[in-house]
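Presented below is the structure to which this report refers.
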Protein chains: 2
Amino acid sequence: MKTQQNDAGGDAGKVQVQDPLGEQAPEPVASKPLSPRDRVIQDVVRGLYEGRLEPGQRLVEAQLTEQYGISRGPVREALNRLAAMGVVDLLPQRGALIRILTLKDAIDSLQVVQGLVGMSARLAAEHSSDDEGLERLQHAAADIMRFDPASPSADHAKARDAFYSALTAMADNAALRRVMMQVHIHLIRVQFRSLLRTADRRRHRDYTDIVEAVAAGNSSRAERAARAHIGRSISALEAFRAAEKPA
Amino acid sequence: MKTQQNDAGGDAGKVQVQDPLGEQAPEPVASKPLSPRDRVIQDVVRGLYEGRLEPGQRLVEAQLTEQYGISRGPVREALNRLAAMGVVDLLPQRGALIRILTLKDAIDSLQVVQGLVGMSARLAAEHSSDDEGLERLQHAAADIMRFDPASPSADHAKARDAFYSALTAMADNAALRRVMMQVHIHLIRVQFRSLLRTADRRRHRDYTDIVEAVAAGNSSRAERAARAHIGRSISALEAFRAAEKPA
DNA sequence: AGCACTAGAATCGTAGGACAATTTCGGTAT
DNA sequence: ATACCGAAATTGTCCTACGATTCTAGTGCT
């Protein structure tokens, strides 16, 4: 018997455009009954966080229909959405499987993330007068620090996402928010957490630096700090690549 | 149990992800019979280029099923994909409509595009030894110049896309390619072409500058040129915003 | 044994019909 | 004109079905 549990995370409230992975609403209000399709999407993503799903694992339609007690239509729609998000690969006539990132894929992604997060930090700093956003950001940063860098957990990953989410929200750029959702940093971490552990050591200071720069409204310092932060992860992966294939 | 295979270092056999809007194959060979779903996607996007579809226009499922002679399943999947691409907005219980960009949306997007294209140009310049890619880029640039800046056309838009596509391809960064497909510059142009006309005057020189810097392997100059190019569009829109709401 | 080949099983992509829930529209009453 | 109400349109989902493609495993040949 499959144990798909109910919702735990909040979800967006007022947005018109649907957004299964949206940020949690500030208000603890009603979690309305999620549509079947969105339930699948949420649960797959959550499954990645929780380690329930592994890269390369196949997602068979028939299996999902049974697991969630829904029909193929919504399942297929969910898989399409997940594919568009870059969470799964959809192979023609062969179904969906959790996306496998090569080392190059991961580095490529992080380079893009570096640019995007840097931009987020810069824009966020330019909006340092947004007290509410700033508070959320500080709260998110403080939240992350509670976790032990050595032992990864789903909550840890969520906290990290909340931080980036707060940062991006503060940047107040819808397009940026959109593409940030697409890069899915957590996918990278899921697959390469062992390699990223060394990079995680400076984490605390990194987050502090970013938050401080943003709070101070120092946009270029914020951008630099954010880029440096991601840069550490990139370096870790590149060091490994160099060691692996010294070609 | 996990039927997992390799992880990090390993190169997981290269999967061919489907890509309805992908670049057209360089070879004029077989146009494989597109799946119904992809046909819809392609045609909607093409419709935007050609002005057949307008922002805000509703896409009714029943209408599409008839128009393409397919059933609702594929239609709904196509709409989901288009929504994930940011081409349409999907309103719960109300269907899909071609996305309407506010002026702020457009500026936000262009700011992101500026970062991404700048990055593309920089990476492309770092791969200036890629003769094939370079040739494609030069060809694409030459192609654009054939069009009259004053009279927009679908072919013109396609040529422009081909240029960015070539640039991004040369950057050799899968993640970058992925997010570039997401920002959909053409959507912006479709809605704001009148405002962008002034920015288009320097176009020829802009493209030449970018191509030259890339060819010369001068990455920072390439990035600067690319950012400047997009920057002109941003300025045009911001000037208009300032004029509209001087609040 | 080892390998090519083929039949069957599994799975996908799509069709088509049905129905409740929700939104939109048109007409009627105030 | 405005408010209200019921009919029509539209979406979200379920179900069944079937050809096409891929995977699996067993058969037969060298």
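Order of the sequence lines sets the chain letters (A, B, ...), proteins ahead of strands, with each chain counted from 1.
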Checklist outcome for this item: Here the distance between atom P of D/dA9 and atom CD of B/Gln93, to the nearest Å, is 18 Å
Item to check | Proximal nucleotide (of D/dT11, D/dT13, C/dA15) relative to the A/Pro36 side chain | outcome: D/dT13
Checklist entry - With respect to the side chain of A/Ile70, which nucleotide from D/dC14, D/dT10, C/dT11 is positioned closest? => result D/dC14
Item to check | Interatomic distance, B/Arg94 CZ vs C/dT24 C1' [rounded to whole Å] | outcome: 9 Å
Next on the checklist: Rounded to whole Å, please give me the gap between CZ in B/Arg76 and P in D/dT11.
Outcome noted: 8 Å
Checklist entry - Roughly how far apart are B/Asp130 CG and B/Glu135 CD, rounded to 0.5 Å? => result 10.5 Å
Checklist outcome for this item: Per side chain to side chain contact (heavy atoms under 4.5 Å, CB included), A/Ile98 is matched among A/Gln57, A/Arg58, A/Gln191 by A/Gln57
Checklist outcome for this item: Whole-Å distance, B/Leu59 CG to D/dT10 P, equals 13 Å
Next on the checklist: What is the separation between atom CZ on B/Arg81 and atom P on C/dG13, rounded to the nearest whole Å?
Outcome noted: 10 Å
Checklist entry - CD1 of B/Ile41 versus P of C/dT14: gap in Å, rounded? => result 10 Å
Next on the checklist: Between C1' on D/dA9 and CD on B/Glu61, what's the gap in Å once rounded to a whole number?
Outcome noted: 12 Å
Checklist outcome for this item: Heavy-atom nearest nucleotide on DNA chain D taken for A/Arg72 and for B/Ala62; more 5' hit belongs to B/Ala62
Next on the checklist: Atom CD of residue position B/Glu54 - does it have more than 12 heavy atoms of other residues, nucleotides or ligands inside 6.0 Å?
Outcome noted: no
Checklist entry - Nearest-Å distance, CG (B/Leu79) to P (D/dT13)? => result 14 Å
Next on the checklist: Need one value for A/Gly95: base, sugar-phosphate or nothing, where a base atom within 4.0 Å counts as base even if backbone is also close, heavy atoms only.
Outcome noted: sugar-phosphate
Checklist entry - Between A/Val60 and B/Gly69, who's closer to the 5' end of DNA chain C by nearest nucleotide? => result A/Val60
Next on the checklist: With a 4.5 Å cut-off on side-chain heavy atoms, are B/Val179 and B/Val183 touching?
Outcome noted: no
